[in-house]
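Below is one structure, written out as structure tokens; comments come after it.
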2 protein chains.
Amino acid sequence: MTSIAHAGKPASSDPIGFEQHDHGSCISAGLAAAEAHCQAEGLRLTPVRRKALEILLQEHRALGAYEMLDSLRDAGFGSQPPVAYRALEFLVTNGFAHKIERLNAFIACAHPGANHSPAFMICRICDSVAEAQSAPARGALGEAARATGFTIERTVVEAEGICPACTEKADA
Amino acid sequence: MTSIAHAGKPASSDPIGFEQHDHGSCISAGLAAAEAHCQAEGLRLTPVRRKALEILLQEHRALGAYEMLDSLRDAGFGSQPPVAYRALEFLVTNGFAHKIERLNAFIACAHPGANHSPAFMICRICDSVAEAQSAPARGALGEAARATGFTIERTVVEAEGICPACTEKADA
DNA sequence: GGCTCCATGTGATTTTATAACGTTACTGTC
DNA sequence: GACAGTAACGTTATAAAATCACATGGAGCC
């Protein structure tokens, strides 16, 4: 199941991701979830980190670190690469964002708080990214790991292809 | 199933990968498979490309493009990045090698010729990499893709964790 | 030979990511 | 509130990874 789609009425409907959704509420929900989680875990959601998450949620697409840096600078934060990389590292470490290895880019987590191993679908035409759940340890990979004695700690699962919207455009 | 293990007597046994194997024969087998495939497809396995594949097979680990470039230069080829990137692109495009996105590195394909979607197990301690088969389209990801109308063309499946050898060392 | 196509070699540049270091700001203790 | 300890921040500098642009060269075709 993908989680780009969001429940609730599509007030400000938005085609980014593979389905329309109430974008305003997904931003505030994401921020609220992060705040709650940090509160609970004693983590510090500092201004830069919060702004970085807000930017990711706002853009609702995979952002390169330097795009993030531009936005952070515009928002009055430092202008050197480590500013962006540190904020992104915090978000990724704590599960508020994910790195898309294939794109060297970052995206807000679509299942904030949930304990999950994410999988991504990346459109090679429009670069949109949707997050789904995966259970790689249960498939062929998990079997291979068990057979060889490899301990899986983290998985990167990214599918590259064509999203529904671009498929339609191509057919037209 | 992983395919780091190779049949045949371990003449020059080699601990790289997760199991010992006859390394000499896996190099020649890999080159032979590539030659045959290129012959059949009308592809040009030029000297740089052949050497690049030989280096990957020889090293039997994930090599960065610049490590490859060093080796190619030592072998008498050009010394600028495009030399390595172009050879690697050819090998990856034609299935003789894979890119490990997580490491920005390249590794010889362990199933030369086979039509496959590879999965990798990457040891975060010693950086060794083993190739396994995956069938991502059959699991949760495939279901998500079908549900949303996403067409999967290629998948990146990489598990990060600890290999058997490093687990043993840690236990000792 | 002359043509085309693809591959190669090289210089330059862009993009992505980290190292190192001093300063600031929060946390807990008294 | 004053203090020490720690975590986060800002900046300079540099490293690592990847691509662009353009000239040269060789294989196959006519």
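Throughout, protein chains are lettered first and strands after them, A, B, ... in sequence-line order, and every chain is numbered starting at 1.
- Here S79(B) pairs with R73(B) under the side-chain contact (heavy atoms from CB on, under 4.5 Å) rule; sequence neighbours left out.
- For A75(B), the side-chain contact (heavy atoms from CB on, under 4.5 Å) partners at least two apart in sequence or on another chain are K51(B), F77(B).
- For E168(A), there are no side-chain contact (heavy atoms from CB on, under 4.5 Å) partners at least two apart in sequence or on another chain.
- Residue pairs satisfying the salt bridge (Lys or Arg N to Asp or Glu O under 4.0 Å) criterion with at least one member in residues 23-44 of chain A, sequence neighbours excluded, are listed as follows: E35(A)-R50(A).
- Put simply, CG on L69(B) is 14 Å from C1' on dG11(C), counting in whole angstrom units.
- When the C1' atoms of four end pairs are superposed on the next four at each end of the helix from dG1(C)-dC30(D) to dC30(C)-dG1(D), using five pairs per end, the two resulting axes differ in direction by 30°, to 10°.
- Rounded to a whole Å, the CZ atom of F90(B) is 8 Å from the P atom of dA7(C).
- Under the side-chain contact (heavy atoms from CB on, under 4.5 Å) criterion, A29(A) pairs with no residue, sequence neighbours left out.
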>> The test is side chain to side chain contact (heavy atoms under 4.5 Å, CB included); show your working for I27(A) and Q58(A) and say whether it passes.
In response: CA-CA 6 Å; I27(A) 295 175; Q58(A) 190 100 46; 3.9 Å; yes

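- D127(A) pairs by the salt bridge (charged side-chain N to carboxylate O under 4.0 Å, His left out) definition with nothing, not counting sequence neighbours.
- Distance, N94(B) CG to dC6(C) P: 14 Å, rounded to whole Å.
- For DNA chain C, the neighbouring residues in residues 41-48 of chain A, judged by any heavy atom under 4.0 Å, are R44(A).
- Computed from coordinates, the M68(A) CE to dT16(C) P distance equals 14 Å when rounded to whole Å.
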> In the 5'-to-3' direction, what one-character label does each nucleotide of nucleotides 11-20 of chain D receive under the scheme B = base within less than 4.0 Å of a protein heavy atom, S = sugar-phosphate only, - = no such atom?
Replying inline: BB----BBBB

Which side-chain N or O atoms in residues 82-108 of chain B pair as donor and acceptor under 3.5 Å with protein atoms at least two apart or in another chain?
from: T93(B); atom 1: OG1; to: E89(B); atom 2: O; distance (Å): 2.7
from: H98(B); atom 1: NE2; to: H116(B); atom 2: NE2; distance (Å): 3.2
from: H98(B); atom 1: NE2; to: E131(B); atom 2: OE2; distance (Å): 3.3
from: E101(B); atom 1: OE2; to: R102(A); atom 2: NH1; distance (Å): 2.8
from: R102(B); atom 1: NE; to: E160(B); atom 2: OE1; distance (Å): 3.3
from: R102(B); atom 1: NH1; to: E101(A); atom 2: OE2; distance (Å): 2.9
from: R102(B); atom 1: NH2; to: E160(B); atom 2: OE1; distance (Å): 3.1
from: R102(B); atom 1: NH2; to: E160(B); atom 2: OE2; distance (Å): 3.2

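- The salt bridge (charged side-chain N to carboxylate O under 4.0 Å, His left out) test applied to R146(B) returns no partner, not counting sequence neighbours.
- The nearest whole Å value for the distance from the CZ atom in R73(B) to the P atom in dT8(C) is 18 Å.
- Applying the side-chain hydrogen bond (donor to acceptor under 3.5 Å, both in side chains) criterion to E67(A), with sequence neighbours excluded, gives R61(A).
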